[in-house]
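The structure under discussion appears below in the form of C-alpha cells.
What you see is a predicted model; the values in this text were computed from it and never measured. The basis for the numbers below is simple: all heavy atoms, side chains too, and nothing from hydrogens, waters or symmetry mates.
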Amino acid sequence: MICGFIALGAGILGIILPLIPTTPLLLLASFCFVKGSERFERWFKGTKLYKKHLESFVRERAMTLRQKLTILLFADAMIAIAFILVNSWIARVVLLLIVVYKYYYFIYNIKTVPGGYSGTSKYNH
C-alpha cells in the first residue's frame, strides 16, 4: 500500500513536471492497490486521475502518441545512464536488446489513439 501511495504521488507530480512519466507511475500505483487492498483499488479506479490517464489503456491497451513517447524517452534516459556506467559489453548488449524490445512492444502491442482521447470508447455506449 505504501508503494502504491508513493507511486501515486510521483504520478501526480508527473502531471505537473513533464520529465516524470505519469502513466507508468499510475500503473504501478494501480498494481500496488490491486495487490494491497480491494478497498483502495475501488477508490483509485473511481478517481478522475485513473479515468483520465489509465482507464483507456487498461481497457483497450491504447495510449496517445505523447504518452508513448514520454514513457519511451524517459526509459531510454534511464537505460542510457546504465549503459554509460556499466563496463561489461554483455550488459550493454542486454540493455540494447531491452530498448529494441521496448520499442517493438509499444509499436505493435499498444494501440495509438488521437491526442485528445478522453477515455470514452464505442464500448461505453
Side-chain angles (χ1 to χ4, degrees):
M1 294 303 307
I2 293 170
C3 288
F5 281 107
I6 291 170
L8 176 60
I12 291 169
L13 279 176
I15 294 170
I16 301 164
L17 304 171
L19 294 176
I20 299 174
T22 302
T23 304
L25 290 167
L26 294 178
L27 283 171
L28 177 61
S30 180
F31 175 80
C32 292
F33 291 143
V34 165
K35 295 294 183 183
S37 164
E38 187 177 319
R39 179 177 153 222
F40 281 112
E41 175 191 4
R42 279 193 316 270
W43 165 78
F44 183 61
K45 287 183 176 179
T47 64
K48 289 180 184 179
L49 188 66
Y50 176 86
K51 291 176 192 260
K52 181 178 179 186
H53 293 279
L54 294 180
E55 191 171 52
S56 66
F57 174 74
V58 171
R59 187 179 53 249
E60 300 174 22
R61 301 201 41 86
M63 292 179 151
T64 65
L65 182 59
R66 181 178 180 182
Q67 288 173 317
K68 283 184 173 185
L69 290 175
T70 300
I71 292 168
L72 290 169
L73 295 176
F74 182 77
D76 286 345
M78 296 298 107
I79 292 171
I81 292 169
F83 188 87
I84 292 167
L85 294 176
V86 75
N87 289 328
S88 168
W89 67 271
I90 294 172
R92 286 183 173 178
V93 168
V94 169
L95 289 171
L96 290 174
L97 290 173
I98 290 170
V99 169
V100 169
Y101 178 75
K102 179 176 56 87
Y103 277 90
Y104 167 81
Y105 187 84
F106 271 72
I107 291 169
Y108 293 105
N109 293 333
I110 299 174
K111 291 186 292 184
T112 303
V113 294
Y117 194 68
S118 64
T120 59
S121 79
K122 61 184 176 186
Y123 304 112
N124 288 346
H125 301 282

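Here CD1 of Ile15 is found 7.0 Å from NZ of Lys52. Values are rounded to the nearest 0.5 Å. Atoms CD1 and NZ, from Ile107 and Lys102 in turn, are 10.0 Å apart once rounded to the nearest 0.5 Å. Rounded to the nearest 0.5 angstrom, Cys32 SG and Phe44 CZ are separated by 10.0 Å. We find the CD-OG1 distance between Glu55 and Thr47 to be 9.5 Å, quoted to the nearest 0.5 Å.
Pairing each heavy atom of Leu8 with each of Ala29, the nearest pair is N-CB, 3.7 Å. Gly11 and Thr22 make their closest contact through O-CG2, 3.5 Å (heavy atoms, listed as atom of the first residue, atom of the second, distance). Among all heavy-atom pairs drawn from Asn109 and Arg61, the shortest one is O-NE, 3.9 Å.
Within 6.0 Å of atom OH in Tyr103, more than 12 heavy atoms from other residues, nucleotides or ligands are found, so the atom counts as buried in its surroundings. Surrounding CD1 of Ile2 are at most 12 heavy atoms belonging to other residues, nucleotides or ligands under 6.0 Å away.
Hydrophobic clustering of Ile, Leu, Val, Met, Phe, Trp and Tyr side chains at less than 4.5 Å, counting indirect connections, keeps Ile84 apart from Ile81. Note on Leu65 and Tyr105: separate hydrophobic clusters, where clusters join Ile, Leu, Val, Met, Phe, Trp and Tyr whose side-chain heavy atoms are under 4.5 Å apart, directly or indirectly. The same ILVMFWY cluster, assembled from side-chain heavy atoms under 4.5 Å apart, contains both Met1 and Leu27. A chain of hydrophobic side-chain contacts below 4.5 Å, direct or via other Ile, Leu, Val, Met, Phe, Trp or Tyr residues, connects Phe106 to Leu26. Hydrophobic clustering (side-chain heavy atoms under 4.5 Å, transitive across Ile, Leu, Val, Met, Phe, Trp, Tyr) keeps Phe74 apart from Ile98.
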Between Thr64 and Thr112, does a side chain to side chain contact (heavy atoms under 4.5 Å, CB included) hold up when you go through it step by step? CA-CA 5 Å; Thr64 65; Thr112 303; over 6 Å; no
Side chain to side chain contact (heavy atoms under 4.5 Å, CB included), that's the test. Do Ile71 and Met63 meet it? Break it down for me. CA-CA 10 Å; Ile71 292 168; Met63 292 179 151; 3.3 Å; yes
Criterion side chain to side chain contact (heavy atoms under 4.5 Å, CB included) on Leu13 and Leu25, from CA distance to verdict: CA-CA 10 Å; Leu13 279 176; Leu25 290 167; over 6 Å; no
Leu96 and Val100: CA distance, side-chain angles, deciding distance, side chain to side chain contact (heavy atoms under 4.5 Å, CB included) verdict: CA-CA 6 Å; Leu96 290 174; Val100 169; 5.6 Å; no
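Taking the six-membered ring where the residue is Trp, Phe33 and Trp43 present perpendicular rings, their angle passing 60° and hence far from 30°.
Under the ring-ring contact (aromatic ring centres under 6.0 Å, His included) criterion, Tyr104 pairs with Tyr108, sequence neighbours left out.
A donor-acceptor pair under 3.5 Å links the side-chain atoms of Thr70 to the main chain of Arg66, judged by distance alone. No donor-acceptor distance shorter than 3.5 angstrom exists from the side chain of Lys45 to the backbone of Tyr50, with no hydrogens or angles considered. With hydrogens and angles disregarded, a donor-acceptor distance shorter than 3.5 Å links the side chain of Lys68 to the backbone of Ile110.
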